[in-house]
A.B. asks: 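One structure coming up, written as structure tokens, with questions to follow.
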2 protein chains.
Amino acid sequence: MEMTDGKKAHFAGNVTADDVALAAGVSRWTVNRAFRKDASISAKSLEKVMAAAERLGYVPDLRAASLASDRSNLVALLIDDFANPHKLVMMERLTRILRREGWDILLVNTLDRDDAGHALLNASQRRVDAVILIGIQFDDEVLETALHARRFRKLIIFARTSQNPNTISIAVDDVLAIKEMANYVNARGYRRPMFLAGPQTYSAHLLRKETFVEYWREHFGNEPEIVGVPAYDPVLAAGIVMEKLSERPALALPDILVCENDALAMGAIDVIRHRLNLRIPEDIAVTGFDDVPQAASPNYQLTTYRQPLTEMGEYLVEVLQSSETENLDRLFEGKLIVRDSA
Amino acid sequence: MEMTDGKKAHFAGNVTADDVALAAGVSRWTVNRAFRKDASISAKSLEKVMAAAERLGYVPDLRAASLASDRSNLVALLIDDFANPHKLVMMERLTRILRREGWDILLVNTLDRDDAGHALLNASQRRVDAVILIGIQFDDEVLETALHARRFRKLIIFARTSQNPNTISIAVDDVLAIKEMANYVNARGYRRPMFLAGPQTYSAHLLRKETFVEYWREHFGNEPEIVGVPAYDPVLAAGIVMEKLSERPALALPDILVCENDALAMGAIDVIRHRLNLRIPEDIAVTGFDDVPQAASPNYQLTTYRQPLTEMGEYLVEVLQSSETENLDRLFEGKLIVRDSA
DNA sequence: CCAGTCTTTGCTCACGTGAGCAAGAGGATT
DNA sequence: AATCCTCTTGCTCACGTGAGCAAAGACTGG
């Protein structure tokens, strides 16, 4: 590339395969092959090309590669729940694993339920190979819209089970998990549980509440009290727990709060300890789900359930690379983490 | 597009502008113009095109658009510090604002210092228009590498001041902020401060420690004690504070811990209260920086300093859209948030 | 009704790569 | 040395759009 053409030589970015080919004394296609792992190229050519590329500062243009090959190696990650610290853990794990396997991630903030459609449209314009939902506000309607448009190959629901047969769900086995949790609660002698549930969605569902209720009914013949929180937000959870418990006589209080996840549990603990002035776990015990980093803090010492995120992420990569279209759903077994809160 | 061509008609995604043009009775270029906001097109054509596009499920292919126009409307967001909850807040704000303005975000996890180069290379292959660093491990060497390669137009350091003249830094005015904080500390009568600092980088610097030290020297003629933590991680901070303070007699303890950010402050509070069994703020007060959501929790009630993230994000968009190349650095004024911890 | 002006439209060319094919190079076998 | 096979290389064509130009159309004022 001549420097006479000042405008075009502004970035090293528009060094193209042709320039490298000229410098290395091979054809353009040999240059491109040098950067593709599946291509057949002689060791000598590879070395020449790489040396020239290094010298000129060439890197292949993935936009063009994607356009020509119809594979973008790009996935959209849709999130709507930035109040939940577990999302940070999930993002760290997914970005790490996906990048290692050559996938890039388009981060999309699904502002609210009505925005999900726009978010999907947005992602589809980049021709992502797959959409991964780690949000919560995706109900049937949104999923159907997404699947109907079909502008991406795969719709993956991560860390949440989906009833929709056209989605791929990679999640922890809620039934197994909550049974283990309920067994623990039972064995420790708690008898007046209250279940703190998050927002209820339809297609992308957590089976935690149902499983717990069923367990309790089966073992004790009665229904545990259930309280719903409209978002996985500790502050919101704190407000609702306060409202539910503050006026009650001690005997009418639950002896344990089983929470659908850590975000809710942490909000609950804050309220129980600092506003109701009760002890944890002596007056009210609390359990969570996810094992976020803060759960280990001395403030919470939360008994919770850890999802095998790394394993789930590895499987996600498999799913992305797979050409299968059916039976890709998978459930994983996590681990009960016992601390002081219950 | 004929359905006889089963392979190609698999997605609605490869409905192309040609198909829409045929359906709408206009040329392909008119179709594309209909989707470009700066293009000149008659109301009648626009309507026809949009109707046909809707019917066929057409959305423009941004890969091709980017290839042809040399503008990707894509920025890479490089993060290496997922332990700090403030990152979640920043991501929420940035994704929200950037998407509204038509920018998509490539999320890149910069695993460690040595990986930053790979991360930048990765981003450059997508021909991003700008790289935004909200990580911390970017030292001179990495910045120089990035700038030398010059595969993107702008290198933006967000929420951190940079000494490097080739980067654009959008940050809170640390000097102003810490002076205000120090004034508050002073006014409340604290006289034995300890400064808890994060990792020391060179180019992308926080001026917090220096400013505080200078203030103290100026007002009291002595140097405050400084303790360094190699990452903004509450758990790490807790360990180091424990190590520093556990063996000291009460009189040798600081009366306030001024922390470089909330992540460190929260770790410190956990240790002071639960392991050293001291009261906050009576025995040791604590201040933070950032005002993460957890800072308002009853566990922390952290006195801290809030960065005007929304304003900073809006300015970031301006910078992205600007064709200026110089003097784009900008400092913002935040707000001291007084709570119970100091 | 016509010249002048502004708006809209269609076209050529370019962006940088991959798929798939055919030709070439190189080595082993007969 | 001729034949066959395999590995490597170069080529044609295609991916779906934008920039910029020229032609066509619409509008204005005299």
Side-chain angles (χ1 to χ4, degrees), chain A residues 1 5 7-22 24-49 53 56-74 124-127 129 151, chain B residues 1 5 7-22 24-49 53 56-74 124-127 129 151:
Chain A
M1 177 163 292
D5 188 356
K7 294 257 171 55
K8 305 219 66 174
H10 193 186
F11 313 123
N14 56 11
V15 175
T16 177
D18 281 313
D19 303 321
V20 178
L22 193 67
V26 297
S27 74
R28 177 172 79 63
W29 299 274
T30 302
V31 172
N32 290 122
R33 267 190 271 258
F35 285 88
R36 241 177 303 155
K37 59 176 182 296
D38 58 323
S40 115
I41 185 173
S42 70
K44 206 168 67 178
S45 299
L46 180 63
E47 193 187 355
K48 275 194 299 184
V49 168
L56 298 178
Y58 167 78
V59 280
D61 187 328
L62 291 186
R63 298 171 304 179
S66 163
L67 196 56
S69 71
D70 204 36
R71 300 197 65 239
S72 61
N73 276 295
L74 187 65
S124 72
Q125 297 193 193
R126 300 269 174 201
R127 300 297 190 264
D129 287 333
R151 291 198 193 88
Chain B
M1 177 162 294
D5 189 356
K7 294 257 171 56
K8 305 219 68 173
H10 192 185
F11 313 124
N14 56 12
V15 175
T16 178
D18 281 313
D19 304 320
V20 179
L22 193 67
V26 297
S27 74
R28 177 171 79 63
W29 298 273
T30 301
V31 172
N32 289 16
R33 269 190 269 259
F35 285 89
R36 241 177 303 156
K37 59 175 181 296
D38 58 323
S40 116
I41 185 173
S42 70
K44 205 168 66 180
S45 298
L46 181 63
E47 193 187 354
K48 275 194 300 186
V49 169
L56 298 178
Y58 167 78
V59 281
D61 188 328
L62 291 187
R63 298 171 304 180
S66 163
L67 197 57
S69 71
D70 203 36
R71 298 199 64 240
S72 61
N73 275 296
L74 187 65
S124 72
Q125 297 192 192
R126 300 270 175 200
R127 299 299 189 263
D129 288 332
R151 292 200 193 86

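Chain A is the first sequence line, chain B the second, and so forth, proteins listed ahead of strands; every chain is numbered from 1.
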A.B. asks: Roughly, in whole Å, what's the span from CG in A:D70 to P in C:dG18?
C.D. replies: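 Value for this atom pair: 13 Å.
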A.B. asks: Looking at B:A17 and B:R28, what are the two nearest heavy atoms and their distance?
C.D. replies: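 In terms of heavy atoms, the two residues are closest at CB-CG, 3.8 Å.
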A.B. asks: Rounded to the Å, how far apart are A:D61 CG and C:dT17 P?
C.D. replies: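 The answer, rounded to whole Å, is 6 Å.
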A.B. asks: Within this structure, what is the NZ-to-C1' distance between A:K48 and D:dT8, rounded to whole angstrom?
C.D. replies: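 The distance from NZ of A:K48 to C1' of D:dT8 comes to 12 Å, rounded to the nearest Å.
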A.B. asks: Output the rounded distance in Å from CG (A:N32) to P (C:dA19).
C.D. replies: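 So the two atoms are 10 Å apart, to the nearest Å.
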A.B. asks: Could you state the atom-to-atom distance from CG of B:L67 to P of C:dA14 in whole Å?
C.D. replies: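 So the two atoms are 14 Å apart, to the nearest Å.
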A.B. asks: Just do the side chain to side chain contact (heavy atoms under 4.5 Å, CB included) check on B:K48 and B:T30 with the steps written out, would you?
C.D. replies: CA-CA 10 Å; B:K48 275 194 300 186; B:T30 301; over 6 Å; no
A.B. asks: In this structure, how many angstroms lie between the C1' atom of D:dT17 and the CG atom of B:D18, rounded?
C.D. replies: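 About 10 Å, once rounded to whole Å.
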A.B. asks: Please state how far atom CZ in A:R71 lies from atom P in D:dA14, giving the value in whole angstrom units.
C.D. replies: 23 Å
A.B. asks: Which letter, B, S or -, goes with each nucleotide of nucleotides 5-13 of chain C from 5' to 3', with contact meaning a protein heavy atom under 4.0 Å?
C.D. replies: ---BBBBB-
A.B. asks: Taking all non-hydrogen atoms of both residues into account, name the closest pair between A:R127 and B:V15 and its distance.
C.D. replies: NH2-O, 4.5 Å
A.B. asks: Which heavy atom of A:V49 sits nearest to which heavy atom of A:A34, and what is that distance?
C.D. replies: CG1-CB, 3.5 Å
A.B. asks: Taking CZ from A:R127 and P from C:dT17, how many angstroms apart are they, rounded to a whole number?
C.D. replies: 20 Å
A.B. asks: With sequence neighbours left out, write down each residue that passes side chain to side chain donor-acceptor pair (under 3.5 Å) with A:N73, or none if nothing qualifies.
C.D. replies: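 Listed in chain order: nothing, the list is empty.
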A.B. asks: With respect to the side chain of A:A64, which nucleotide from C:dA19, C:dG16, D:dT17 is positioned closest?
C.D. replies: C:dG16
A.B. asks: Without swapping roles, check the side chain of A:D19 against the backbone of A:T16 for a donor-acceptor pair under 3.5 Å.
C.D. replies: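 Yes; judged by distance alone, with no hydrogens or angles, the pair exists.
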A.B. asks: Ignoring backbone atoms, establish whether A:S66 has a side-chain N or O less than 4.0 Å from OP1 or OP2 of C:dT17.
C.D. replies: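 Indeed not, no polar side-chain atom of A:S66 lies that close.
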